[in-house]
Amino acid sequence: MKMIEGKNISHSYEFEGSVNLSLEGVSITVQKGELVAILGHNGSGKSTLAKHFNTLLPLQQGTLTVAGLDANESANFWEIRRKCGMVFQNPDNQFVSSVVEEDIAFGLENYDTPQEQIPERIDRALQVVGMSGYEKKSPHMLSGGQKQRIALAGVFAVNPEIIIFDEATTMLDPEGRRELMETIRRLHRDHRKTIIMITHYLEEAVIADRVCLLNEGRVMAQGTAREILTDRDLLAEAGLLPPLPVQIYYDLKEEGIILERCPLTGEELVEELAGICQ
């Protein structure tokens, strides 16, 4: 089942009398239960594309359906936003309350969730993101990674079919990034959520089922994580550096040391190096 199907999406911004094209003829499909990473350098159009998926930006050109709903029909906007939740770059900008449980309840109340169900939904969401016991805490007193997981709990509580992470790890320290990435893995693995991850950290994209590479507002390539992330020339053309294990593979190759396959992760690199040492 296609959860997102966009065809020939184009979008431009007008600033001080000039028109800047951000997306040009982008076509993309996301299947139910997929984890899709959308990669690109700053200004490639990836966040603009993501904001179309939950109708934060209206369509200017092209067609888009989200969970079977036409994103060009304003009557569908509210339902699309319920089905397609979004976690943004700065978690502080997403909080509306000074207490965690009240912040999560805000979204549930806006979707007319019966009051008797709200406490259970809050408890469930916090459990899923690994933040049980933080109900009475102030979001603004938490670490960056904890804030982002609380923001995610607010999204998860309303039970969207699709969750978009728009550069959600950019403002986090390494530990916060690790915590959030593990939570994303669990959402995909255990809860079978359809996930779209917008990022320029290629190391994060290795967990994706598919990768869409954007460059200058256009789709440059689509394929599996291994197909895209191990193609050093393709990534260079898009202005991106490959994940470190991939770069090491090519460095070794230039020195005459040939590994059986190009590793995507540190674990795969260790396995390949162990293989040539036997």
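- Residue pairs meeting the side chain to side chain donor-acceptor pair (under 3.5 Å) criterion with at least one member in residues 235-251, sequence neighbours excluded: Gln247-Asp251.
- Heavy atoms of other residues, nucleotides or ligands lying less than 6.0 angstrom from OH of Tyr13 number more than 12.
- Listed by chain and number, the residues in a salt bridge (Lys or Arg N to Asp or Glu O under 4.0 Å) with Asp166 are Lys51 (sequence neighbours excluded).
- When each of Thr65, Ile196, Val36 is tested with Ile4 by the rule side-chain contact (heavy atoms from CB on, under 4.5 Å), just one qualifies, namely Ile196.
- Counting heavy atoms of neighbouring residues, nucleotides and ligands inside a 6.0 Å radius, atom CD of Glu255 does not exceed 12 of them.
- Partners of Glu216 under the salt bridge (Lys or Arg N to Asp or Glu O under 4.0 Å) rule, at least two apart in sequence or in another chain, do not exist in this structure.
- Arg192 places a side-chain N or O within donor-acceptor distance of the main-chain N or O of His188, the cut-off being under 3.5 Å.
- For residues 34-67, the pairs satisfying ring-ring contact (aromatic ring centres under 6.0 Å, His included) are His11-His52, with sequence neighbours left out.
- For Gln89, there are no side-chain hydrogen bond (donor to acceptor under 3.5 Å, both in side chains) partners two or more places apart in sequence or in a different chain.
- Just one residue in the list Asn54, Thr55, Asn76 forms a side-chain hydrogen bond (donor to acceptor under 3.5 Å, both in side chains) with Arg81, and that residue is Thr55.
- Within the 3.5 Å criterion, the main-chain N or O of Ala157 finds a donor-acceptor partner in the side chain of Arg121.
- Applying the side chain to side chain donor-acceptor pair (under 3.5 Å) definition to pairs two or more places apart or across chains, none involves residues 109-118.
- Under a 3.5 Å cut-off, the side chain of Thr194 and the backbone N or O of Gly33 do form a donor-acceptor pair.
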